[in-house]
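Following: one structure in C-alpha cells, then a few remarks.
Order of the sequence lines fixes the chain letters, A, B, ..., with proteins taken first and strands second; residue numbering starts at 1 for each chain.
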Number of protein chains: 2
Amino acid sequence: MTPSSKGDLFDPACPTRKLLDRIGTKWTSMAVKVLADAGPAEVRFADLQRRMPGVSQKMLSVTLQSLTRDGLVARRVEPTVPPKVHYRLTDLGRSLEVPLAALRSWAEEHMPAIDRANAVARD
Amino acid sequence: MTPSSKGDLFDPACPTRKLLDRIGTKWTSMAVKVLADAGPAEVRFADLQRRMPGVSQKMLSVTLQSLTRDGLVARRVEPTVPPKVHYRLTDLGRSLEVPLAALRSWAEEHMPAIDRANAVARD
DNA sequence: CGGGATCCGTGGCGATACTG
DNA sequence: CAGTATCGCCACGGATCCCG
C-alpha cells in the first residue's frame, strides 16, 4: 500500500529517519567502515566476509545490494569463471564515513557511561 | 572489558553496534532532538508527544524509559493529581546531540542523492 | 495525565540448501 | 565465488484498553 493512500499526515520522508533506517541495519555501518579502511582499493566479496566476522553470505549480499542501490558503494564484476566481484566506496559513501566516524568516536568514549547507567537502574 | 578492542567494530559487544541499536529505533533520535531544542528547559510528556507527530503514547513512553535507563535523559515527577512528568537531556544526552546533529546535517544534504541513486536503479 | 498490559502484524535476520 | 531461494524465529512497533 502506498504511504499516501491513507492521507498520511506527518513525517513525509524525514531524511534523518531514512538514513538511520539504513545505517541502523545490522551490517551496514560495519561494511562501510571496512570499505573505508581499504581506502581507494577495491575489496572482494569473500574478503569482506572474512573481515566481517559473523556475517552470513546472504546478509552480506543484501547489505551490499542496498549500499549499491543507494549509490554509496560501487560494484565491479570481473567476468571470469568463477566470477570475481569487487566493491569500493563511492565519494558519497566516503562522505558518509565522516559523521559515521564521529558516531563511533562518541560510542567508544561514552558507551561505558551508558552501561554504568543501566547497571545502576537494576535495583 | 576486552582490552585493546577500542575501535573494534567486530567485537560482539561493539560499542558502535550498541549505540546504533539505540538511536536506530524509530523515535529515539527524534526525542533527543526535541529535548535538545528545548535547551536546558524541561519538557512535559504531553508536550513531547505534541512535538513528535505520529508517536503513540506507548512508544513515547518506552522510548523515554530507554533513554532514562541509559542516563541520556533525566525524569522528574511532580507528585500532583494528576501527575506532571518532566524530561530533560542530561549532559551525556547533550553530548550525543553533537554527532547526531552531524548525521542529520549529512542526511539533509545527501539523502536526495541517495534517492536519485535509487530512482536510477529502477530500470 | 502519564503509563502499564495485552494482542497482533510486519520485517529484520539467521540457517540451510541450491545455482551459474 | 558470489550470489539466490525458502523457511522460521522474534523483536519492533502500532492499536486498544485500563489504572492511580
Donor-acceptor pair, side chain of Ser66(B) and main chain of Thr63(B), under 3.5 angstrom: no
Between P of dG13(D) and CZ of Arg22(B), the distance in whole Å: 14 Å
The helix from dC1(C)-dG20(D) to dG20(C)-dC1(D): angle between end helix axes, five pairs per end, rounded to 10 degrees: 50°
Pairing residues for Gln49(A) by the side-chain hydrogen bond (donor to acceptor under 3.5 Å, both in side chains) criterion, not counting sequence neighbours: none
I'd like a table of atom pairs between the protein and nucleotides 1-7 of chain D - only N or O on both sides, under 3.5 Å - with the distance next to each one.
residue	atom	partner	partner atom	Å
dC1(D)	O3'	Arg44(A)	NH2	2.9
dA2(D)	OP1	Arg44(A)	NE	3.1
dA2(D)	OP1	Arg44(A)	NH2	3.1
dA2(D)	OP1	Val85(A)	N	3.4
dA2(D)	OP2	Ala46(A)	N	2.8
dG3(D)	OP1	Arg75(A)	NH1	2.2
dG3(D)	OP2	Tyr87(A)	OH	2.4
dG3(D)	N7	Gln57(A)	OE1	2.8
dG3(D)	O6	Gln57(A)	OE1	3.0
dT4(D)	OP2	Gln65(A)	NE2	2.3

same_hphob_cluster(Val77(B), Tyr87(B)) at 4.5 Å side-chain heavy-atom cutoff: yes
Nearest heavy atoms of Leu20(A) and Ile23(B), plus distance in Å: CD1-O, 3.6 Å
Sequence-distant partners of Trp106(B), ring-ring contact (aromatic ring centres under 6.0 Å, His included), two or more places apart: His110(B)
Any donor-acceptor pair under 3.5 Å from Arg44(B) side chain to Lys84(B) backbone: no
Interface limits on DNA chain C, where chain B has a heavy atom under 4.0 Å of a nucleotide atom: dC1(C) to dT6(C)
Side chains of residues 52-62 of chain B: which donor-acceptor partners sit under 3.5 Å, not counting sequence neighbours?
residue	atom	partner	partner atom	Å
Ser56(B)	OG	Met59(B)	N	3.2

Gap between atom CG of Leu64(A) and atom OG1 of Thr28(A) - 0.5 Å precision: 9.0 Å
Sugar-phosphate only, base, or nothing, as touched by Thr80(A) at under 4.0 Å among non-hydrogen atoms: nothing
N/O donor-acceptor pair under 3.5 Å between Arg88(B) side chain and Leu35(B) backbone: no
Leu20(B) CG to dA11(D) C1', straight-line distance once rounded to whole Å: 17 Å
Pair Lys33(A)-Leu100(A), side chain to side chain contact (heavy atoms under 4.5 Å, CB included): steps then yes or no: CA-CA 9 Å; Lys33(A) 186 191 182 340; Leu100(A) 223 44; over 6 Å; no
